[in-house]
Asks: 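Would you mind keeping the following structure in view while I ask a few things?
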2 protein chains.
Amino acid sequence: MAQSDTVDRILDAAEELFADRGFSETSLRMITSKAKVNLAAVNYHFGSKNALIHAVFARFLTPFSATLESAFDDLEERCDGKPPTLNQTLWALTESAVRMPQRNEKGISIFMRLLGLAYTQSQGHLRKFLEQEYTESFSRFMRLLKEATPQLSSVDRYWRIQFMLGATAFTMSSSDALRDILQNKLGVETTVQEIAARLVPFLAAGMQAEDTVLIPPAGSNVSVA
Amino acid sequence: MAQSDTVDRILDAAEELFADRGFSETSLRMITSKAKVNLAAVNYHFGSKNALIHAVFARFLTPFSATLESAFDDLEERCDGKPPTLNQTLWALTESAVRMPQRNEKGISIFMRLLGLAYTQSQGHLRKFLEQEYTESFSRFMRLLKEATPQLSSVDRYWRIQFMLGATAFTMSSSDALRDILQNKLGVETTVQEIAARLVPFLAAGMQAEDTVLIPPAGSNVSVA
DNA sequence: GTCGATTTCAAACGTATGTTTCAAACAGAC
DNA sequence: GTCTGTTTGAAACATACGTTTGAAATCGAC
């Protein structure tokens, strides 16, 4: 078996299974049998299941954060001085994601779903790992968002960023099975690019919504100006 | 021990642990020891762990869907004939959630987080259970959304609903530990009501965003072929 | 108080998990 | 070909899980 073809086979299988079923619900035996590899190979090559999870993330997150950094470089250079707009920033992000060289056709959606899981499944070790490996790109994105929405208070911006992350991670992480609940026989097959193209305007509009009203409109129970 | 105080103690403990750690990551032994109850009690009173999960959801979802139905009744009556607006519909939903009688101060956020988990963790049995128990309220909400956004194509509406659900479920399901990634020392304690008050305008604005552009703005920086 | 049904309890069961072991197979260098 | 370090393989290990068991305790009705 070539070099450590084994390592990649494990990563491929793990990536797909994790994306399909989550971390805790995916056993090493599922992974190794899908990868047609001996069970012990995971612990031999990675050390532990948690380390394997980290490796799966690192494999796509490291090149992605590099791509993203340079996209931000380009963007800031093009805007020289003036801060990029919200749309520009969001597009830079999604473009970087979409443009990433994919291992296969499912590449991006797996990528997105894993990110959603990382955020959603409370795996302490994963959070720590991601935090200490990729804070730089993340902080930079946050800074751009801040500069692009100077009209928002810190608190508003904070929550709206949460909402954006939520809509994104969640949409991407919702399994196919899940979509059936909504999928009212539209039956349209949609690429990740198309989803992103729909998502970005939604996010931008939400992010730039009129002032948050803390008290729901008094008069009629539920009318908002 | 009174009646089946045991049942409620199990439900309380399970609810909180599930919300904190997810379903697979919470063992019956954790639940029973937190509830100060014998391990076998869960299987005795509920039959299985999955049935316990269902019971946890049913305990708050059943009264909630009733509240929601009557909120929708009120709303449609008040609008007699004309379909309620998007804002009205969204407010009716969040008001119903917020107005629910809570067992404790953490009531709503646990409720929300559980909903997020239900949507996010791919537990087939849960999805089936929720689907067959609460489709009615869900479908009605969907119908109201449809009538409130006649300008949207079915496909656009479909995706934007996904985005809304995502922002909501995800925001609510993000654990406190998680928020620290973003929480740039704002240190503000926020109630669920306040979050909802911020979320609704965000969602409404996103939902009513200008036409989805499938090709990102041409002139601008990030051009796509 | 007695009886019958319900509920609790400690212990065990069977199974699945992540991990370790150690011998066999293999690789490349000499 | 032989030797050395690396990788694979089958099997076992220890642990944790959900579930079951059967006897003890508890309760309500008579």
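Values below: all heavy atoms of this structure, side chains included; hydrogens, waters and symmetry mates excluded. Order of the sequence lines sets the chain letters (A, B, ...), proteins ahead of strands, with each chain counted from 1.
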Asks: Under 4.5 Å between any side-chain heavy atoms of B/L114 and B/F60, yes or no?
Replies: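 Side-chain contact under 4.5 Å: yes.
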
Asks: Is the shortest side-chain N to carboxylate O distance from B/R160 to B/D156 below 4.0 Å?
Replies: no

Asks: Which residue, B/D12, B/L11, B/T26, B/L39, forms the side-chain contact (heavy atoms from CB on, under 4.5 Å) with B/I31?
Replies: B/T26

Asks: Starting from C1' on D/dT7, measure out to CG on A/D8 and report it in whole angstrom.
Replies: 15 Å

Asks: Charged N to carboxylate O under 4.0 angstrom, A/R99 versus A/E95?
Replies: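 A salt bridge is present here (some side-chain N lies under 4.0 Å from a carboxylate O).
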
Asks: Expressed as a whole number of angstroms, how long is the span from A/Y44:OH to C/dA24:P?
Replies: 18 Å

Asks: Write down the distance between NZ (A/K36) and P (D/dG9), rounded to a whole number of angstrom.
Replies: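 Value for this atom pair: 13 Å.
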
Asks: Tell me whether the OP1 or OP2 atom of C/dT6 has a side-chain N or O from B/H45 closer than 4.0 Å.
Replies: no

Asks: With a 4.0 Å limit, can you tell me whether B/T6 has a side-chain N or O closer than that to the phosphate oxygens OP1/OP2 of C/dT8?
Replies: yes

Asks: Over how many whole Å does the gap from B/F46 atom CZ to D/dG18 atom C1' extend?
Replies: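 Rounded to the whole Å, the gap is 15 Å.
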
Asks: Taking CZ from B/R9 and P from C/dT7, how many angstroms apart are they, rounded to a whole number?
Replies: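 From B/R9 CZ to C/dT7 P: 15 Å.
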
Asks: Check the interface with nucleotides 10-17 of chain C: list each N/O to N/O pair with the protein under 3.5 Å, or write none.
Replies:
from: C/dA10; atom 1: N7; to: B/N38; atom 2: ND2; distance (Å): 3.4
from: C/dT17; atom 1: OP1; to: A/S27; atom 2: OG; distance (Å): 3.4

Asks: Could you tell me how far apart B/L52 (CG) and D/dC17 (P) are, to the nearest whole angstrom?
Replies: 15 Å

Asks: Mind checking whether B/F129 and B/H54 have parallel, tilted or perpendicular rings, split at 30° and 60°?
Replies: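 The arrangement is parallel - the two ring planes meet at less than 30°.
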
Asks: Starting at atom CD1 of B/I53, determine the distance to atom C1' of D/dT19, rounded to an integer number of angstrom.
Replies: 15 Å

Asks: CG of A/N43 versus C1' of D/dA10: gap in Å, rounded?
Replies: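 After rounding, the reported distance stands at 15 Å.
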
Asks: Going by the angle between their ring planes, with limits at 30° and 60°, are A/F64 and A/F111 parallel, tilted or perpendicular?
Replies: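 Perpendicular: the ring planes of A/F64 and A/F111 meet at over 60°.
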
Asks: Salt-bridged, A/R143 to A/E147, with N to O below 4.0 Å?
Replies: yes

Asks: Take atom CD of A/E136 as the centre, draw a 6.0 Å sphere, and report whether it contains more than 12 heavy atoms from other residues, nucleotides or ligands.
Replies: no

Asks: Would a distance-only check, ignoring hydrogens and angles, find a side-chain to backbone donor-acceptor pair under 3.5 Å from B/K146 to B/R157?
Replies: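 The answer is no, because no donor-acceptor pair under 3.5 Å joins these two groups.
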
Asks: In degrees, rounded to 10°, what is the bend between the two ends of the helix from C/dG1-D/dC30 to C/dC30-D/dG1, using five pairs at each?
Replies: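 The helix from C/dG1-D/dC30 to C/dC30-D/dG1 shows an end-to-end axis angle of 10°.
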
